[in-house]
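The next block holds one structure in the form of C-alpha cells; read it before the comments.
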Protein chains: 4
Amino acid sequence: MTTWRETAREQRKELILEAAARVFARNGFQRATMREIADEAGIATGTIYLYFDDKRDLLLSIAEQLVHLIPRELPSHATPDEERSFIRCVLDEQLRVVEEYRPFFRAVVGEMWTDDSLRTQYLNRVLAPLVNTIELFLKIGIETGKARPHDPQIVARAMLGTVFLFAITSEMETGDYLSSARRDALAHELTDFFLYGVRQQPEEVP
Amino acid sequence: MTTWRETAREQRKELILEAAARVFARNGFQRATMREIADEAGIATGTIYLYFDDKRDLLLSIAEQLVHLIPRELPSHATPDEERSFIRCVLDEQLRVVEEYRPFFRAVVGEMWTDDSLRTQYLNRVLAPLVNTIELFLKIGIETGKARPHDPQIVARAMLGTVFLFAITSEMETGDYLSSARRDALAHELTDFFLYGVRQQPEEVP
Amino acid sequence: MTTWRETAREQRKELILEAAARVFARNGFQRATMREIADEAGIATGTIYLYFDDKRDLLLSIAEQLVHLIPRELPSHATPDEERSFIRCVLDEQLRVVEEYRPFFRAVVGEMWTDDSLRTQYLNRVLAPLVNTIELFLKIGIETGKARPHDPQIVARAMLGTVFLFAITSEMETGDYLSSARRDALAHELTDFFLYGVRQQPEEVP
Amino acid sequence: MTTWRETAREQRKELILEAAARVFARNGFQRATMREIADEAGIATGTIYLYFDDKRDLLLSIAEQLVHLIPRELPSHATPDEERSFIRCVLDEQLRVVEEYRPFFRAVVGEMWTDDSLRTQYLNRVLAPLVNTIELFLKIGIETGKARPHDPQIVARAMLGTVFLFAITSEMETGDYLSSARRDALAHELTDFFLYGVRQQPEEVP
DNA sequence: GATGAATGAGTGTTCATTCAT
DNA sequence: CATGAATGAACACTCATTCAT
C-alpha cells in the first residue's frame, strides 16, 4: 500500500520532472541550469536534490518516461488481417503519443548521441521493444504471404526512423506535421507509403 | 591565384576542423574542451584561435562541410526511366557520402535541436536542397504516371529521415548498417521498400 | 523597513568591496585577480559574483564610494567671513576623509586615465561637485571684495589638484603627509599658500 | 664615434617608443597589446623584441623620456629678481613641454601608482629634480626676504601637483587648458595664484 | 522538509614571448 | 635583420552541488 506521503512525493517528482523536461527541451541538457529548472518548477534549487541524485538523474528519469511511447496494447478492433487500418491505427497512436511526450523526447534527443549509458538505456528500454514489435508484425506478414519478402530488421528501422524524425523535426520547419490538424494527413500518407511505396500500383487482379 | 600561404592556411584549417569534428562526435559539443581538440590536432590551444573565432565557429564550420552531402550530379547512367536502378544509385551514393562525413554529421546532430542558428543553417543549406531534389523527383514520377498519387512533401521527408537515422545510429547498435560490408544490403532493401512498400505485390498484368 | 536579509547582504557587499579596494590599491585593477580578492575577503571566488556582476562592477562600486569625499556640510562654526579658519577647516576635513578612503581612491586612480566611463563617472559624481563648491566659494570671495580678482575655474582646479596629488602620492615618498602626525602642518601650510601665495606680504595698513 | 648602424638603430627605437607611447596613452599599459603597438609602428611584433627586452622595458624606456620634463636651463632673461616674469617663464615652459610629452606622460601615469620600480624611477629621475629645483628657488626667496616664511617642501609639491594635474586631466573635461590657445591664460592665472594666493591684496606701502 | 547562500573545480579565451623561415 | 605563426600559462566567470538555518 502506498502511503499518503509516498503519493505526495511522487507528485512532487512528477512536477520537477516536467519542469526539467521543458527546460531541457528548450535549452538542451548541458545549457540548462539547475537554477532555471527550479524556477520553472517554482521551487528552490536545493529542493531538487531531495528528489533526484543530480542533474543527470533528471535526464535519465526523463528518458525513463519514454517507455510510454511503447504501445501497451495493439488495436484489437483492427486486426492485422486488415493491414491498412491496423497500420493506420498504430501510426495514429504513435504520432499522438510522441506529440504528448515531445518535451521528454526533445530533452533526451540532444544527449543521446554522445552519452553512452543514456543511449543504451533508451535503445534497450524504448527503441528495441518498438523495433521488435514491428519486426514481429512484419515477419508474420511475410509468413502469411501478406507482405512481400524483405528484411524485417531493416524495414522496421526504416519505419521507426521515419516516425522518429517527424517527432523531433516537426516543429522546426514551417509545417508542424504533428499538430493535430495535420496529423491525420501525415498518418494517411505514411500508411500508404509503408504499404505500397511510391510506385504506381498495377491493376490488381480481382 | 592562391599563394602558398593561403594553401597552407587552408590545410591547417582542415586539420583542425577534422580534429574538432572527431572530438565533438565523441563527446558532444558542450562537453568537448578546446584543450582536447588541440591535443587531437596535435597543436596548442591558442593556435586554434588563429584560424577560428571561437568554439562555436568550429561547429558552424563543421556544419558548413555538410553541404558535401548534397549530390553534385545525379547519376546519368541510370535515368529516372529505370527507377529502380536510379534510386539504388542515389541511395548508394548517399549512404557512402554520409559514412564519409559521419564525424561531421555526428558533431552537428547533438546541438542542432537546441541551437537555433545552427539548425537554421543546417536546414537551409543542407536539408532543404536534399528534400527539394527528392520532391522534384517524386513529382515527376507522379506526373509521368510512374508513381502512384501521393504527397511528395511528406514522402520526401520520410525517405530522407530513414537515411538520416541510419546515418546517426548505424554504429550505435551491434549492426553497423553503413559499414561497406552491409551497405549493399541496406541500399537494396531500402530501394525496394521505397518503391513497393511492404505489401505483397499483386501479379502485374503483362 | 530593511529586513535582516537585506542588512546582511549590505554588510557582505561592504566586506567584499573593502577587500577589493585594498587589492586594487596594492596591485592595480588589471593585475588584481578575483582569486586574490576572494582570499583577501576570506571567501570563495564564486561568492563575489553573488554580490557583483563582474570585476569591473567592483571597480565602479568602489568609485561610487568616493562620493563620500564630497563634504556633506560646510563648517558652520567658521563662517567664510573668517576665511582663514574656514579654509583650514575644509582642508582639515578633506585631508582626513581622503586619508580614510585612500584604498578606494588608489583603486580608482590607475584606471581612470584610460577607462572612459569610469572617468566620466568619477568626474561627474565626485570631482565636478567639489570643483563647483570651491568655485562658488571663490566667486563669493571676489564679489564681496575679500578675494583679489582671478579665474575661479582655474584656481579651483589648482586647489583641488594639490589635495588630489597629496592624496595619491603621500605615502609614496618617505614623508606621509597625510599621516595624522603631519596632517596638521600640511593643512596649515596649504591654507597660507592658498590665501597668500608665496610672496612676502607687504605690511598691512592698519 | 657613433656608427651609421647605431644611429639607424636609435631611430628605430625612437619610432617604436613613440608608437608604444601613443598606444599606452590610449589604452593603458595593461590593455595595450604588443600586436597593437607593432601595427601602430608599422612593423611586426617580433621586431619589437629586437630593440626592447619585453613589454615592460617599453614602459620604462618611455618613463625615461620624461627626464625631458626637467628644464635644462633656467630663463636667464628673467632673473628671480623679477619673480613674476621668472615664474611665468618657468610655468610657460613647463606647460609647453608637458604638452609635448603628453603621450609619454599619460603612458606612465596609469601604472605609476602600483608599479613600485616604475614609480621609484619616475620619482627619482623626474619628480625629485623638479621638486628640488622649486624648493631651492623658494628657499632663496625666503632667505632674501622676497617670499614670506613657509615650508618649501610642501609648497614645492603643491605647485608641482597643480601642473601635474593639469597635465593629465586637461583634455578630460571640456576645457583643454593645455591647448596653446588657453595655455597663456592658465600660466597667467597660476603665476598670480602662486605669488599672491586668492586673498585681496592690501594696498602696498610705497 | 525546504531553502538559497556559499563553494571551488573547470573552461573558453587572450596575449606576451619565442623561433623557424 | 625582419617576420608572424605557434605556444601555453594565466584568468574571469559559471554552475552543479552542499549544508547551515
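Proteins get letters first, then strands, A, B, ... in listed order; numbering begins at 1 in each. Since the model is a prediction, treat every value here as computed from it, not as a measurement.
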*Please list every stem that involves DNA chain F, where a stem is a run of 3 or more consecutive Watson-Crick or G-U wobble pairs with both pairing distances under 3.5 Å.*
E:2-21 with F:2-21

*In Å, rounded to the nearest 0.5 Å, how long is the span from CG of L15(C) to CD1 of I43(C)?*
6.5 Å

*Starting at the 5' end of DNA chain F and moving along, which residue's nearest nucleotide shows up first, G46(C) or I43(D)?*
I43(D)

_Short of 4.0 Å, heavy atom to strand atom, which residues of residues 28-37 of chain D count as contacting DNA chain F?_
none

_Distance in Å, L66(D) CG paired with Q121(D) CD, rounded so as to fall on 0.5 Å steps_ = 9.0 Å

*asked:* Please compare A44(B) and T45(C) by the position of their nearest nucleotide in DNA chain F and report the one closer to 5'.
replied: A44(B)

*Got a salt bridge between R35(A) and D39(A), using NZ or NE/NH1/NH2 to carboxylate O under 4.0 Å?*
yes

Which donor-acceptor pairs under 3.5 Å do side chains of residues 47-55 of chain C form with protein atoms, sequence neighbours excluded?
{"unit_1": "T47(C)", "atom_1": "OG1", "unit_2": "A44(C)", "atom_2": "O", "d": "3.4"}
{"unit_1": "D54(C)", "atom_1": "OD1", "unit_2": "R56(C)", "atom_2": "N", "d": "3.3"}
{"unit_1": "D54(C)", "atom_1": "OD1", "unit_2": "D57(C)", "atom_2": "N", "d": "2.9"}
{"unit_1": "K55(C)", "atom_1": "NZ", "unit_2": "F29(C)", "atom_2": "O", "d": "2.9"}
{"unit_1": "K55(C)", "atom_1": "NZ", "unit_2": "Q30(C)", "atom_2": "O", "d": "3.4"}
{"unit_1": "K55(C)", "atom_1": "NZ", "unit_2": "A32(C)", "atom_2": "O", "d": "2.8"}

*If you measure from CG on L118(D) to CG on L60(D), what distance do you get to the nearest 0.5 Å?*
6.0 Å

*Hey, which sits more toward the 5' end of DNA chain E by its nearest nucleotide, Y49(B) or R9(C)?*
R9(C)

*Report the C-alpha distance between I16(B) and L58(B) in whole Å, list the side-chain angles of each, state the deciding distance to 0.1 Å, and finish with yes or no for side chain to side chain contact (heavy atoms under 4.5 Å, CB included).*
CA-CA 9 Å; I16(B) 295 172; L58(B) 278 174; 4.0 Å; yes

*What residue pairs, at least two apart or across chains, pass salt bridge (Lys or Arg N to Asp or Glu O under 4.0 Å) with a residue in residues 7-22 of chain B?*
R22(B)-E40(B)

*Over all atoms of both residues, closest heavy-atom pair of R119(C) and W113(C)*: NH1-O, 3.0 Å

*Mind listing the residues from residues 50-65 of chain C sitting with a heavy atom below 4.0 Å of DNA chain F? Number order is fine.*
D54(C), K55(C)

*So where does chain A start and stop touching DNA chain E, 5' to 3', when the test is distance under 4.0 Å to a non-hydrogen atom?*
dG1(E) to dA5(E)

*Nearest-0.5 Å distance, CD1 of residue I62(D) to CD of residue E111(D)*: 11.0 Å

*What pair of heavy atoms forms the shortest contact from A25(A) to P103(A), and how long is it?*
CB-O, 3.7 Å

*Using a 4.0 Å heavy-atom cut-off across all strands, classify R12(D) as base, sugar-phosphate, or nothing.*
sugar-phosphate

*asked:* Let's go through R26(A) and R31(A) carefully: what are the C-alpha distance in whole Å and the side-chain angles of both, what is the deciding distance for side chain to side chain contact (heavy atoms under 4.5 Å, CB included) to 0.1 Å, and is it a yes or a no?
replied: CA-CA 9 Å; R26(A) 211 159 48 222; R31(A) 261 189 280 276; over 6 Å; no

_Identified ring pair (Phe, Tyr, Trp, His ring centres under 6.0 Å) partner of H68(B) from the options Y101(B), F105(B), F104(B)_ = Y101(B)

_Trace of the side chain to side chain contact (heavy atoms under 4.5 Å, CB included) decision for F24(D) with T114(C)_ = CA-CA 9 Å; F24(D) 288 161; T114(C) 47; over 6 Å; no

*Would you kindly give the CD1-to-C1' distance between I48(B) and dG8(F), to the nearest whole Å?*
12 Å

